[in-house]
Chemist: 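This is the structure, below, for whatever I ask next.
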Amino acid sequence: MRSSSVKLDSVSKRFNRRTIFEKVSASVNAPGSLAITGRNGSGKSTLVKILAGVLSATEGKVSLTVDGHEIPRELLYQQVGFVSPYLMLYDEFSAAENIRLLESMRSGRRAADTEIDSLLDMVGLAHRRNDRIGTFSSGMKQRAKYAVALIHRPAMLILDEPTSNLDAEGIAIVRGVAERQSTSGILIVATNDSEEAGWCSQQIPLGIG
Amino acid sequence: MNYIRMSAIVIITYVLISGIAIPIVPQPQGWFEFPVIPGLEEKARNIFFHVPTAWTTVVAFLVSMWYGLRYLRTRNMDDDLKSEASAGLGFMFCVLATITGALWAKFNWGSFWNWDPRETSIFILLLIYGAYFALRSAIEVEETRARLSAVYATLAGLTVPFFIFVLPRIVSGLHPGAKGDPEGAGPVVEFKMSPSMLVVFILGLIGFNLLYVWLLNVRVRTARLEYRRSTPQG
Amino acid sequence: MSGYVLRAWNIVVRLLRDNTMIEFFAQHQLYIVLGVVLLIWAGIVGYLMRLDGRVRKLEESGK
Amino acid sequence: MSVRAQIGAVVVKDVRSEVRNRYAINALVMFVVTAVATILFALRSEQPGPATLAGMYWVVIFFSAMSGLARIFVSEEERGTALTLQLTTSPGILFAGKLAVNTGLTLLLTLSVSALYIVTFPGFVIRSPDIFALTVLLGSIGFSASATILAAIIAKANSRGTLYPVLSFPILIPLLMTVMNATEKALEGAAFIEAVGDMQVLVGYCLIMIAGSFLLFDYVWND
């Protein structure tokens, strides 16, 4: 198991001169987990995007350290897995193709069939392996995103509204994924559901006041 | 700033008076008379106004690009305000330079527009400014607007060397026997002016650039006021 | 006051009657151009100074 | 080399996506056909000289490219997969891949326009194939270098369709003038030595634009 930690140092974000959130600080050491809670519009999605290195913070600093090395922002993608309802996969490719293409874009390596099959099996999509994502229901798309996010064994897994569009079986799968990640690496969950927030050992509320 | 303001007013007033009123005679006797440049005669007076405005256009563009690049580094919205203000002034000077140039070309070359290399480059500069503002108006989020317009200004700036070094050669290649009188432009372009003209010319360059600095200062200040006013309090 | 106006009027009338002024400007049309240009320039400078002052006032009231 | 494999993956993804969706190709083909047909109607039986032909050749390429090349980033932004890409690769790798795809597309475009011109215009005879080949190659590279980063800018703005040619034209003018000049020489049958100056300009343009876009792309792609 690799040692890793993520640190938020008084991070603020302003957007079009509107303050989304101000001076958020937190830190998680692996194995560990953090829930980011708050109402709609409190900036949960913005904060997780900053954690993933997709957005930059207006002030403050975010740092992910893996095995004692701080990961520069342009290489964060190799260490981060991300699942959210607004993340899109390529409709014209099948589930297996999406996983393989995105993984080879990420690391240049060709994912083995067995690897892809076991991931799809885990999220319950093995039978639709070669169907185009465009034909999937939104719940199935959400499941496929978990397979894409886990193929490179990320040091930090970020789940934004982890169970949206999912049925009971899907939620059980996600709970399993979250449990494994929080005992082997870093898990970040952004949610306004208290049960999902309860998966995590720490919570930071956003948008108080 | 007060010195800049006062010297801009004094210098430009001086350039206006001497540029227009100093008589052009075949045998100049001193600083108060200009020599006749063959092929230009009275039209030579345009040099004092056209060239400085064109020069200021380029300076304004470079300043805009410089502040754009600074924005990319600092992410300070004030740099973007400066970049935009400078681009706006550059556009104004560019229009002035185009009009003075076209008027002069009408009387010297026989038509308002000849696609001479210099006319082509100022036309492209106009296009760049136009595109810059079109891009700005098409982006709503101000951080994105600042970022992308800075990138665009820099990209446009990268093509400038091509216009300076390459265009004159290529365009004359595309337009063999282009209309016009290259002799007429020669002494101006190569700074082979008489000392009395050179003084007014250089003062013109300085004066118009000082005017630009003053205008930029006023524009940036109004832009800051506007920015502060529209910022939600608290 | 009215004495000055009258005297100035007389000078203008004499200049016009003797055609001295018209002759002068007929020979040196450039000075008319210069006058117009200077007038425009003065207008621009005046406008700019006023604008500058107003902006300064606004800046001070904002602090 | 991992980087080369990653860039390759971006190319494979885009090419395969293009084969399935035909976002760009269809628009490009139709545009080329319509543009050339319009020129033919306008000219009727007139036979234009090399300068006009060289100009019209690049005009068709410019406007067709403007209708198709922006898709490469606009489609990602419209489908919402831009975020997915941000989470899967670094900007440099993505830009290299997209640049390669656009260069391929532009080369395909210039080749098909050349073929169409050779067939339809009796005056369009390539008398100096060496000049022509190099012009088309360097022209396509320079073209797509500028077009790709501008496409990335456009993808983040509103009114994308009209903005793209407006933004590209001033930046592409030095390139357009040089390739038109060189193509004219190729049609007139000039010796290669006469076009060396043009080639130097083209190489310079390609180098500056590629280097510049690589440095600036980070700022376009990441917020």
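Letters A, B, ... mirror the listed sequences (proteins, then strands); counts begin at 1. This structure is a prediction, so every number in the text was calculated from the model and none was measured.
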Chemist: Please look at B/Arg75 and chain D and tell me whether the side chain, the backbone, both or neither of the residue comes under 4.5 angstrom of a heavy atom of that chain.
Modeler: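 B/Arg75 touches chain D through side-chain heavy atoms alone.
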Chemist: Tell me, out of D/Leu163, D/Thr162, D/Leu175, who's got the most heavy-atom pairs with chain B below 4.5 Å.
Modeler: D/Leu163
Chemist: Are there over 12 heavy-atom neighbours, none belonging to D/Gln47, within less than 6.0 Å of that residue's CD?
Modeler: yes
Chemist: Should the heavy atoms of other residues, nucleotides or ligands under 6.0 Å from CZ of D/Phe63 be counted, would the total exceed 12?
Modeler: no
Chemist: Tell me which of these, D/Val220, D/Leu172, D/Val166, D/Leu215, has more heavy-atom pairs under 4.5 Å with chain B than the rest.
Modeler: D/Val220
Chemist: What do you reckon, is CD of B/Glu226 surrounded by more than 12 foreign heavy atoms closer than 6.0 Å?
Modeler: no
Chemist: Do any of residues 128-157 of chain D come closer than 4.5 Å to chain B, heavy atom to heavy atom, and if so which ones, in number order?
Modeler: D/Ile149, D/Leu150, D/Ile153, D/Lys156, D/Ala157
Chemist: From D/Leu216 CG over to B/Leu72 CG, what is the distance, rounded to the nearest 0.5 angstrom?
Modeler: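 Here the rounded value is 7.5 Å.
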Chemist: Any side-chain heavy atom of B/Tyr129 within less than 4.5 Å of one from D/Pro170?
Modeler: no
Chemist: Evaluate B/Leu127 against D/Ile173 for side chain to side chain contact (heavy atoms under 4.5 Å, CB included), listing each step before the verdict.
Modeler: CA-CA 11 Å; B/Leu127 285 184; D/Ile173 285 178; 4.2 Å; yes
Chemist: Tell me whether D/Tyr219 contacts the main-chain N or O of B/Leu148 through its side chain, where contact means a donor paired with an acceptor under 3.5 Å.
Modeler: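 Not at all, since once roles are kept as given, no pair shorter than 3.5 Å links the two residues.
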Chemist: For D/Phe192, does the CZ atom sit with more than 12 other heavy atoms under 6.0 Å from it, leaving out its own atoms?
Modeler: yes
Chemist: Side chain from CB out, backbone as N, CA, C, O: work out which of these in D/Asn222 comes under 4.5 Å of a heavy atom of chain B, or both, or neither.
Modeler: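 Backbone of D/Asn222 only, per the 4.5 Å heavy-atom cut-off to chain B.
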Chemist: Would you give the length of the straight line joining atom CG of B/Leu155 to atom CD1 of D/Ile171, rounded to the nearest 0.5 angstrom?
Modeler: 5.0 Å
Chemist: Just so I know, are the side chains of B/Phe162 and D/Thr178 near enough to count as touching, which here means a heavy-atom distance under 4.5 Å?
Modeler: no
Chemist: Which residues pass the side-chain contact (heavy atoms from CB on, under 4.5 Å) test with B/Ile99, not counting sequence neighbours?
Modeler: B/Val95, B/Leu103
Chemist: Is chain B contacted by the side chain of D/Phe217, its backbone, both, or neither, given a heavy-atom distance below 4.5 Å?
Modeler: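 Nothing of D/Phe217, per the 4.5 Å heavy-atom cut-off to chain B.
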